[in-house]
Each structure stands twice: as structure tokens, then as C-alpha cells.
*Asks:* 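Have a look at this one before I ask anything.
Atoms within a ligand are numbered from 1 in the order they appear, just like the ligands themselves. Basis for what follows: all heavy atoms, side chains included, without hydrogens, waters or symmetry-related copies. This chain uses plain numbering: 1 for the first residue, then up along the sequence.
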Amino acid sequence: MASPQGSRAPLEFGGPLGAAALMLLLPATMFHLLLVVRSGPARLLGPPPYLPGLQVLWSPRMLLLWLTWLGLQAALYLLPARKVAEGQELKDKSRLLYPINGFQALMLTALLVGLAVLAGLPLGALPEMLLPLAFAATFTTFIFSLFLYLKALVAPASALAPGGNSGNPIYDFFLGRELNPRVWSFDFKYFCELRPGLIGWVLINLAMLMQEAELRGSPSLAMWLVNGFQLLYVGDALWHEEAVLTTMDITHDGFGFMLAFGDLAWVPFTYSLQAQFLLHHPQPLGLPVASVICLINAVGYYIFRGANSQKNTFRKNPSDPRVADLETIPTATGRQLLVSGWWGMVRHPNYLGDLIMALAWSLPCGVSHLLPYFYLLYFTALLVHREARDEQQCLQKYGLAWHEYCRRVPYRILPYIY
Ligand SMILES: NC(=O)C1=CN([C@@H]2O[C@H](COP(=O)(O)OP(=O)(O)OC[C@H]3O[C@@H](n4cnc5c(N)ncnc54)[C@H](OP(=O)(O)O)[C@@H]3O)[C@@H](O)[C@H]2O)C=CC1
Ligand SMILES: CC(C)=CCC[C@@H](C)[C@H]1CC=C2C3=C(CC[C@@]21C)[C@@]1(C)CC[C@H](O)C(C)(C)[C@@H]1CC3
């Protein structure tokens with residue numbers, strides 16, 4: 001099997017062995033979290049309270065519910081969009097077109113769910129369905145990834161991703177072979193990255209809030225904060241949907257098990273862990289502490305949004321008045337690197353903001369348990385690894401100019417520390 005670049009890209013994630021281990025470890029971790037969060041001790045590092053049998057996990061009704069959810073989101077994706085955006089230039093110099101209607105999909109989903117709840121849909125029953133739903137999502141992800149792998153066998157070499165084409169089927173299945181798998185204009189990776197998983201995440205959060213209101217008379221302040229912060233994050237992602245077109249996932253990584261499972265199963269079922277935790281382990285939270293937590297989230301969001309918007313504005317149009325005064329380093333590719341503003345503070349200011357927000361999402365759960373801090377721990381590891389991958393790619397793209405950038409901005413994520 002030929003590599004699309006002629007020479008083979010270096011293997012990532014520990015090669016085929018690492019990929020095989022992650023394919024087992026990631027779903028196992030997700031089920032572990034779903035099981036321990038509802039147990040009395042809720043110990044992240046303790047054993048799960050029980051091992052569910054197939055009769056608990058497998059439910060054709062939940063599979064149908066999951067497929068209906070995917071179908072609904074796909075239908076919303078196909079609705080007329082307010083804008084059609086061009087993606088980054090591809091190897092064959094072409095650019096793909098992407099509909100920008102993610103925020104509209106969020107609003108329409110909210111409307112439909114609202115109407116369904118008024119008509120008697122028991123959304124508060126969702127917490128009890130999470131295990132079989134997560135199993136249905138994992139099962140469909142394996143099938144879907146197999147479809148993506150086979151589809152890539154008939155794709156032209158120019159459509160393949162730089163990684164994910166090693167010739168080892170396990171590694172390639174995990175990493176993903178095709179860069180932008182599509183059927184007609186339906187882009188699977190773009191659709192999965194922002195729709196069913198992200199919107200599913202806030203829907204699960206909402207179900208936890210409603211169930212808490214049913215059990216305890218009203219939702220707790222901690223639950224409101226977690227729901228509010230994460231809704232802001234998801235709403236922001238869909239409002240700035242076009243920005244996802246410049247992320248590493250869209251421009252560099254193939255679409256295989258890693259992203260499909262991450263987008264469709266991992267995000268909704270593990271990112272909602274704090275809300276799940278609060279439903280089963282209510283935490284008192286006073287107004288003064290809540291205000292400090294809100295402030296931490298606001299600072300994180302300010303840095304995250306400021307940094308991402310600054311780079312996106314600059315990449316779209318370097319002479320835009322909002323970024324025209326910033327200092328830059330020229331590179332041999334003709335593109336420039338920002339070296340002042342947010343991107344002069346550390347080399348990944350957007351990661352810093354994201355991590356500060358992750359802290360704010362866990363704090364409403366108190367400090368009695370490690371479990372609600374899982375997201376912060378996992379996310380730190382993910383971003384440190386992602387940062388190293390991005391540095392490698394930037395070094396390849398920009399060579400000496402990247403060295404100069406690293407010299408002028410020596411810290412990666414946290415000023416004076418890392
Ligand atoms: N919640 C979650 O689970 C996750 C969230 N995220 C978030 O997604 C967002 C996007 O992250 P990600 O895709 O990793 O990467 P970035 O948005 O940080 O993009 C990295 C790219 O930016 C460009 N760049 C780097 N430095 C500069 C500079 N000084 N000036 C101009 N351009 C520069 C380079 O690409 P080029 O030069 O080609 O433009 C580089 O490859 C982040 O906010 C991150 O926190 C990411 C992963 C998971
Ligand atoms: C452990 C595991 C299964 C790894 C897969 C990683 C994925 C979960 C993440 C890779 C990059 C992501 C991004 C977002 C969600 C998580 C994944 C898919 C993102 C959509 C979250 C919202 C942000 O605003 C974002 C749009 C910048 C972001 C893009 C990257």
C-alpha cells in the first residue's frame with residue numbers, strides 16, 4: 001500500500017501496538033467512568049461496582065434511539081446553510097466546501113427537544129439509559145470505522161491523509177486513512193466533529209439537570225454552573241464553526257476509529273461526567289465560591305476565544321485592522337507566524353484557556369472526589385501530546401522560521417513553566 005507522500009510518515013501513538021491498546025483502553029475507560037460515577041464511593045481509580053453483562057449493555061431500542069439521533073443531526077446538517085465556507089487548500093490544490101449551519105442545528109435541536117418534552121418525552125430517564133446508549137455508540141463506531149477503512153481502499157492517493165497509511169491495517173484503521181471522506185457533499189469528519197457528539201453532550205447534561213430537579217425539587221447551583229459553562233463551550237464551537245476547518249483534525253488527521261470514537265462516543269459520554277457526578281453525588285456550593293468559579297471560567301474563555309479568533313482572523317486576512325499591527329515572522333512558505341498578541345505569550349495560548357475552563361468545570365463538584373477531575377487530567381495529557389504533534393508538523397512546514405518562533409516565544413502552554 002503506497003504512502004500518499006511517497007515516503008512513509010513516522011508512526012504516532014506507539015504504532016500498531018499503541019493503536020490496538022488504545023482501541024481497547026478508550027472504550028474500557030469510558031465504561032469504567034459511566035459505572036463508577038453512579039456508585040457510592042465514585043472512585044476514579046477503584047474497581048467498577050459491577051461488570052455489566054451483555055443483557056445490560058445491548059439494547060436494540062437504544063441502538064434505534066442512537067441511530068435516530070444521528071439521523072436527526074444528519075438531516076439538520078443537510079438543511080440550507082447561512083453560508084458555505086471553503087476549506088484549506090488540499091494536495092491537488094482544490095478546496096472543499098462546507099455548510100455553516102451548526103449553530104442553527106443546535107437551535108433547532110433545542111426547539112425539537114423542548115417540544116418533545118412538552119409533549120411528554122421523559123428526558124429525565126436518559127441518565128438510566130447511558131450505559132446501553134454508550135454501547136450502541138461504540139458498536140456503531142467500530143462498524144463505521146470499518147466502512148471508512150474500506151472506503152479508503154478505493155480513494156485516490158491524493159485523498160489520503162499524511163498519517164494513517166502505513167500499510168498496517170490496525171494502525172491505519174485506528175488513525176484513519178482518508179483525509180476528508182465524503183459521500184457526495186456529505187463530509188463525515190466535519191459532521192461528526194461538531195454535531196452529534198457535541199450537541200449530544202449538552203443534551204445529556206440537560207437530562208441530568210432535569211432528573212436532579214425531579215429528585216430534589218430543583219437543580220443545584222453546581223449543576224447550573226456545569227450546564228451553563230459547557231453549553232457556552234458547545235455554543236461557541238458551533239457559532240465559530242468555520243474555525244474548525246483549520247484545526248489539525250480537519251487539515252491533517254485521517255478519519256478513522258480514533259476521531260470517530262472520540263467525536264461520537266467519548267465526547268458525549270465522558271465530557272458529561274461532571275453533570276453525571278452531580279446527579280449521583282450532590283455538592284453544596286455557596287454564592288461566593290460559585291462567583292470565583294465563574295470568574296475562572298470567564299478568564300479561561302477570554303483567553304481561549306481571544307487566541308483562537310486572533311489566529312483565525314490573521315489566517316483569513318493578515319491585513320485585517322484587528323491583527324494588522326501584530327508583529328510577525330515571515331516563513332519560506334509565504335505564510336507568517338504571529339509573534340505578539342496572544343501568540344507571543346505562549347505557543348499555544350488557546351490550549352491554556354481551554355485548560356483553565358476545564359478546571360472551572362470540575363470545581364463545582366467540590367474537592368472530595370478525584371473523579372470529576374478526570375476531564376482536566378485527560379485533557380492535560382491530550383493537549384500536551386497534541387502540542388508535541390503540532391510542533392512537529394510546524395517544524396516540517398516552517399523549518400528555520402519555526403525555530404526562530406520557539407526562540408522568541410520559549411514557553412509552550414503555561415508561561416514560565418511549560
Ligand atoms: N475540548 C477538546 O476536547 C479539545 C479542544 N481542542 C481545542 O481546539 C482548538 C484548536 O486546536 P488545534 O487544532 O490543536 O490547534 P491550533 O488551533 O492551536 O492550531 C495550530 C496551528 O496554528 C498555526 N499556528 C501556530 N502558531 C502560530 C502562530 N504563532 N501564528 C499563526 N499561526 C500559528 C499552525 O498552523 P498554520 O500555520 O498551518 O495555520 C498550527 O499548526 C484549541 O483551542 C484547543 O484547545 C483541541 C483538542 C481537543
Ligand atoms: C481520547 C480520544 C478518543 C481522542 C480523540 C480526541 C477527540 C475527542 C478530540 C480531538 C479534537 C477535538 C476537538 C473538539 C472536541 C474533542 C475532539 C474531537 C472540539 C470540537 C471541541 C470544541 C472546541 O471549540 C473545538 C471546535 C475547537 C474543538 C476542536 C477539536
Side-chain angles (χ1 to χ4, degrees), residues 13 22-23 25-27 29-30 88-89 102 141 174 176 189-190 192-195 197-198 201 230 232-253 256-271 300-301 303-316 318 323 326-329 331 333 335-358 361 375 378-379 381-383 385-398 401-402 404-406 408-409 412-413:
F13 298 96
L22 281 170
M23 267 191 287
L25 208 65
L26 289 171
T29 306
M30 183 180 77
Q88 300 281 97
E89 193 177 272
T141 299
F174 176 76
K189 185 165 58 168
Y190 176 65
C192 291
E193 182 96 353
L194 286 175
R195 313 294 179 98
L198 280 192
W201 168 19
Q230 298 186 348
L232 170 72
Y233 190 69
V234 169
D236 173 274
L238 293 166
W239 184 259
H240 297 100
E241 190 178 18
E242 203 175 332
V244 88
L245 299 177
T246 58
T247 60
M248 181 193 295
D249 311 57
I250 302 289
T251 61
H252 180 270
D253 291 340
F257 180 82
M258 180 181 76
L259 273 183
F261 177 78
D263 292 341
L264 298 176
W266 184 261
V267 166
F269 296 104
T270 69
Y271 283 28
Y301 180 71
I303 300 176
F304 166 84
R305 181 50 32 227
N308 278 327
S309 291
Q310 196 168 69
K311 178 166 68 73
N312 293 333
T313 309
F314 181 73
R315 279 285 173 252
K316 257 200 216 157
V323 290
L326 294 173
E327 234 186 297
T328 58
I329 300 178
T331 76
T333 65
R335 294 183 121 195
Q336 294 170 310
L337 289 167
L338 287 167
V339 74
S340 68
W342 288 115
W343 298 80
M345 185 173 85
V346 283
R347 298 206 292 274
H348 269 99
N350 48 354
Y351 289 5
L352 174 64
D354 225 335
L355 284 168
I356 295 174
M357 281 191 283
W361 300 352
Y375 178 72
Y378 137 81
F379 198 42
L382 179 114
L383 290 184
H385 179 246
R386 197 173 166 94
E387 195 275 337
R389 291 180 74 211
D390 189 50
E391 290 265 316
Q392 207 47 46
Q393 287 161 28
C394 286
L395 193 59
Q396 258 176 26
K397 261 187 285 185
Y398 301 125
W402 188 258
E404 171 63 7
Y405 179 48
C406 294
R408 301 222 357 220
V409 184
R412 296 161 190 263
I413 299 178

*Asks:* Could you tell me if any non-hydrogen atom of D390 lies under 4.0 Å from any atom of ligand 1?
*Replies:* yes
*Asks:* Taking the minimum heavy-atom distance to atom 28 (C) of ligand 1, which of L355, L338, V346, I303 ranks first?
*Replies:* L338
*Asks:* Within a distance under 4.0 Å of any heavy atom of F304, pick out the atoms of ligand 1 and give their elements.
*Replies:* 43 (O)
*Asks:* Nearest protein heavy atom to atom 15 (C) of ligand 2, by residue and atom, and its distance?
*Replies:*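 Among all protein heavy atoms, the one nearest atom 15 (C) of ligand 2 is V267 CG2, 4.3 Å.
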*Asks:* Does the protein put a heavy atom less than 4.0 Å from atom 30 (C) of ligand 2?
*Replies:*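 Answer yes: something from the protein, a heavy atom, is under 4.0 Å.
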*Asks:* Going by the atom numbers of ligand 2, which of them fall below 4.0 Å from some non-hydrogen atom of L26?
*Replies:*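 Reading through ligand 2 atom by atom, the close ones are 1 (C), 3 (C).
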*Asks:* Would you mind running through ligand 1 and noting each atom that sits below 4.0 Å from a heavy atom of C394?
*Replies:* 34 (C), 40 (C), 41 (O)
*Asks:* Distance under 4.0 Å to a non-hydrogen atom of D249: what atoms of ligand 2 satisfy this?
*Replies:* 10 (C), 11 (C), 12 (C)
*Asks:* So, the side chain of K189 versus the backbone of D253: is there a donor-acceptor pair under 3.5 Å, distance only?
*Replies:*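 Confirmed, K189 side chain pairs with D253 backbone.
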*Asks:* Which atoms of ligand 2 have any heavy atom of F304 under 4.0 Å away?
*Replies:* 24 (O)
*Asks:* In Å, rounded to the nearest 0.5 Å, how long is the span from OH of Y351 to CG of D390?
*Replies:* 5.0 Å
*Asks:* Closer than 4.0 Å and a protein heavy atom, does any atom meet both conditions relative to atom 8 (O) of ligand 1?
*Replies:*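 It does not: no protein heavy atom is found less than 4.0 Å away from atom 8 (O) of ligand 1.
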*Asks:* May I ask you to check if ligand 1 and R335 share an N or O to N or O distance below 3.5 Å?
*Replies:*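 Indeed, backbone or side chain, R335 has an N or O that close.
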*Asks:* As a test of the contact definition, would atom 9 (C) of ligand 2 count as having a protein heavy-atom neighbour under 4.0 Å?
*Replies:* no
*Asks:* Should N308 and W342 count as side-chain neighbours, where that means a heavy-atom distance under 4.5 Å?
*Replies:*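 SC-SC contact between N308 and W342 ruled out.
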*Asks:* Could a heavy atom of K397 be found less than 4.0 Å from some atom of ligand 1?
*Replies:* yes
*Asks:* Looking only at heavy atoms, is any part of D354 under 4.0 Å from ligand 1, and if so is it the side chain, the backbone, or both, or is it neither?
*Replies:*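 Only the side chain of D354 comes within reach of ligand 1.
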*Asks:* Would you say atom 23 (C) of ligand 2 has a protein heavy atom nearer than 4.0 Å?
*Replies:*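 Yes, there is one.
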*Asks:* Going by heavy-atom distance to atom 5 (C) of ligand 2, choose the closest among R195, R305, M258.
*Replies:* M258
*Asks:* Can a side-chain donor-acceptor contact be found between Y233 and W201 if the only test is distance below 3.5 angstrom?
*Replies:*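 W201 vs Y233: no donor-acceptor pair found between side chains.
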*Asks:* Heavy-atom distance to atom 46 (C) of ligand 1: which of R315, M357, R386, H252 wins?
*Replies:*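 Answer by nearest heavy atom: R386.
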*Asks:* Among D263, N350, L383, L382, which one has a heavy atom closest to atom 17 (C) of ligand 2?
*Replies:* D263
*Asks:* Specify the protein heavy atom at minimum distance from atom 7 (C) of ligand 2: its residue, its atom name, and the distance to 0.1 Å.
*Replies:*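 Looking only at protein heavy atoms, the one closest to atom 7 (C) of ligand 2 is G262 CA, 4.3 Å.
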*Asks:* Decide whether an N or O pair under 3.5 Å exists between W343 and ligand 1.
*Replies:* no
*Asks:* As an exercise, identify every atom of ligand 1 less than 4.0 angstrom from a heavy atom of L382.
*Replies:* 47 (C), 48 (C)
*Asks:* Decide if the gap between the ring center of Y378 and the ring center of W266 is smaller than 6.0 angstrom.
*Replies:* yes
*Asks:* In ligand 1, which numbered atoms sit nearer than 4.0 Å to a non-hydrogen atom of M248?
*Replies:*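 Under 4.0 Å from M248, ligand 1 has these atoms: 13 (O).
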*Asks:* Among all protein heavy atoms, pick out the one at the shortest distance from atom 13 (C) of ligand 2; state its residue, atom name and that distance to 0.1 Å.
*Replies:* E193 OE2, 3.6 Å
*Asks:* Which ligand 1 atoms does Y233 reach within 4.0 Å, using its non-hydrogen atoms?
*Replies:*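 Counting atoms of ligand 1 from 1, those under 4.0 Å from Y233 are 1 (N), 2 (C), 5 (C).
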*Asks:* Is there a side-chain contact between R408 and E327 (heavy atoms, below 4.5 Å)?
*Replies:*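 In contact.
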*Asks:* Give the atom numbers and elements of ligand 1 that come within less than 4.0 Å of a heavy atom of Y375.
*Replies:*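 Listed by number with element: 1 (N).
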*Asks:* Which atoms of ligand 1 are found less than 4.0 Å from any heavy atom of H348?
*Replies:* 18 (O)
*Asks:* For ligand 1, which atoms, with element, lie under 4.0 Å from some heavy atom of Y398?
*Replies:* 36 (P), 37 (O), 38 (O)
